[in-house]
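First up is the structure itself, then whatever we jot down about it.
Scope of the values below: all heavy atoms of this structure, side chains included, with no hydrogens, waters or symmetry mates. Each chain gets a letter, A, B and so on, in the order its sequence line appears, and its residues count up from 1. Note that the structure is predicted; figures quoted are calculated from it, not measured.
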Protein chains: 2
Amino acid sequence: MAGRAAVPEVIWSRPERTGRGPRPAYTRADIAAAAVRIADAEGLDAVTMRRVAAELGCGTMSLYNYVPRKEDLYELMMDAASGEHELWEPSGDWRADLIRVAHQTRALMHRHTWLPRLMSPVYGFSPNALRYLEHCLACLDPFEAPYGTKMELIAMVNGVVTTYVGNEIATVERTRSLPWSQEQENAVRIAYLGRQVASGAYPRLAASFAEDAGPIDLEGVFERALARVLDGFA
Amino acid sequence: MAGRAAVPEVIWSRPERTGRGPRPAYTRADIAAAAVRIADAEGLDAVTMRRVAAELGCGTMSLYNYVPRKEDLYELMMDAASGEHELWEPSGDWRADLIRVAHQTRALMHRHTWLPRLMSPVYGFSPNALRYLEHCLACLDPFEAPYGTKMELIAMVNGVVTTYVGNEIATVERTRSLPWSQEQENAVRIAYLGRQVASGAYPRLAASFAEDAGPIDLEGVFERALARVLDGFA
DNA sequence: AGCGCACTACGTACGCTGTACGTAACTAGG
DNA sequence: CCTAGTTACGTACAGCGTACGTAGTGCGCT
């Protein structure tokens with residue numbers, strides 16, 4: 001009887017090492033790093049139990065000693081990513097600090113493009129996630145409001161950043177493993193969209209397309225969205 | 001040579017029926033309805049090609065005549081859901097209209113809890129999605145701004161609604177197919193979180209927990225988030 | 001009218017996934 | 001020292017998306 005748990009477990013609540021038995025060959029950090037390396041290089045879908053085990057150099061099922069379910073592997077990845085947040089001494093200007101946080105998160109997501117897809121409140125309890133949250137709260141010390149409001153503000157900023165960067169990435173990333181290029185896909189979609197719009201059924205949409213346009217400034221869109229969210233709280 | 005496409009295709013750009021050959025047994029609407037029925041009743045993960053085919057009463061591979069890839073099945077589902085949006089004559093008060101849109105979207109997502117998970121700009125080109133977008137633009141006719149700004153506003157509102165309702169649902173939905181209950185899972189997580197917070201490493205987080213709390217008013221959180229976003233644009 | 005071809009239908013099969021289970025080796029605590 | 005709890009990992013299974021081949025069907029063209 002190997003005693004596999006029939007009760008929910010947060011991976012962080014079980015000790016990494018109990019003392020009994022042979023010394024484990026890898027640490028959680030090793031495993032997280034391997035998974036992150038794969039996801040960065042080959043996309044999130046390449047992160048399989050077999051692939052991660054191979055990357056570590058052990059048998060597939062050995063991984064299950066460290067990580068009871070695949071979801072927990074994701075949790076390790078998210079924690080490792082959270083750990084990359086640089087934390088600083090708050091400046092006293094909470095608005096500026098929060099903008100800095102958002103930009104850092106955006107950069108982090110561009111470095112690890114699988115992050116938006118995994119982002120979920122479920123992973124908000126890992127050690128590094130808590131540290132990050134505490135840091136956000138520290139930045140908000142000068143913001144006079146109950147903690148409930150501060151939490152709502154942080155959630156809103158994180159949500160908007162995730163949504164926007166997720167969209168930035170999705171349109172680029174989607175065709176990674178497909179047999180055609182990004183440009184081909186876009187061309188087909190735009191051609192179709194043009195046909196629909198030209199049908200006259202969507203006059204305002206047509207007007208919107210006619211309006212200049214020019215290349216979309218992703219950075220600008222992000223910046224404006226962020227500013228509006230912060231304005232909404234002031 | 002069955003001529004399977006080696007070039008990207010939006011499913012909407014190929015005709016539902018060409019005229020040649022036997023009359024297809026099902027319409028796209030039939031297929032979408034079957035998939036939606038399954039997803040509503042058993043969750044999105046139960047929507048497999050085999051399961052949908054069985055629901056329709058045909059062989060698995062027959063489905064591929066209608067839907068070249070599983071992703072296109074999702075696209076049909078999203079379009080069917082978009083079609084449930086009720087469209088009305090804009091009132092002239094764009095803020096009120098947008099709030100009404102947001103509430104309707106929220107209700108839609110609570111009716112089809114798989115919606116937030118599938119929400120992606122990729123599915124923004126379906127007929128019903130375009131109709132919905134046109135309606136949002138119509139609501140914004142009284143809002144004096146270039147179309148680019150209107151689009152950013154709509155994207156922001158949709159993004160916030162998706163994020164918030166997604167979170168509302170995720171915490172409830174996650175344990176659907178797990179061997180333990182929602183309450184058990186929450187208890188374990190909260191116990192763990194309490195232990196972490198009590199360690200003293202996260203003073204502000206601890207203060208936040210201490211601060212009254214009371215049961216969280218999800219409706220209120222949603223309402224406030226929405227109001228703040230709209231304020232940010234005014 | 002009738003030929004031919006594009007289309008529908010669908011069974012079989014392949015490679016991949018997460019992971020349950022059993023076994024052998026190992027080591028710290030009583 | 002013994003033994004119970006670990007680690008390590010090979011094998012196996014159910015389920016996934018879907019490539020491919022074949023048989024049957026009926027529209028469009030000659």
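One can place CG of A:Asp45 at 10 Å from P of C:dG18, the figure rounded to the nearest angstrom. Rounded to whole Å, atom C1' of C:dT17 lies 14 Å from atom CG of A:Leu73. Rounding to whole angstrom units, CZ of residue B:Arg51 and P of D:dC16 are separated by 10 Å. The nearest whole Å value for the distance from the CZ atom in B:Arg23 to the P atom in D:dC27 is 9 Å. Remark: P of C:dC7 and CG of B:Asn65 are 11 Å apart, rounded to the nearest angstrom. Taking atom CE of A:Met49 as the reference point, atom C1' of C:dC21 lies 16 Å away to the nearest angstrom. Atom CE of A:Met61 and atom C1' of D:dT6 are 15 Å apart (whole Å). The nearest whole Å value for the distance from the CZ atom in B:Arg17 to the P atom in C:dA6 is 16 Å.
Salt bridge status for A:Arg100 with A:Glu86: present, with a side-chain N to carboxylate O gap under 4.0 Å. A salt bridge is absent between A:Glu75 and A:Lys70; no separation between the charged side-chain nitrogens and carboxylate oxygens falls under 4.0 Å. Of the charged side-chain nitrogens involved, at least one lies within less than 4.0 Å of a carboxylate oxygen, so that B:Arg117 and B:Asp45 count as a salt-bridged pair. Between A:Asp72 and A:Arg28, none of the side-chain N atoms (NZ, or NE/NH1/NH2) sits under 4.0 Å from a carboxylate O, so this pair counts as no salt bridge.
Comparing B:Thr18 and B:Lys70 by the nucleotide of DNA chain D that holds the closest heavy atom to each, the one mapping nearer the 5' end is B:Lys70. Residue order along DNA chain C, read from the 5' end via each residue's closest nucleotide, puts B:Pro22 first among B:Pro22 and A:Arg50. Comparing A:Gly57 and B:Tyr74, the nucleotide of DNA chain D nearest to each residue sits closer to the 5' end for A:Gly57.
The aromatic rings of B:Tyr132 and B:His85 sit parallel to each other, their planes meeting at less than 30°, with 60° as the upper class boundary.
In this structure, A:Thr48 reaches the C:dT17 phosphate: one of its side-chain N or O atoms is under 4.0 Å from OP1 or OP2. Look at A:Ser62 and you'll find a side-chain N or O under 4.0 angstrom from OP1 or OP2 of D:dC9. OP1 or OP2 of D:dA8 lies within a sub-4.0 Å distance of a side-chain N or O belonging to A:Tyr66.
Of the listed nucleotides (C:dG29, C:dC7, D:dT18), C:dC7 has the atom at the smallest distance from the side chain of B:Arg20.
At the heavy-atom level, A:Gly21 lies under 4.0 Å from base atoms of the strands shown. Among the protein residues, B:Ala25 comes within range of the sugar-phosphate backbone only, with heavy atoms under 4.0 Å from sugar or phosphate atoms but none that close to a base.
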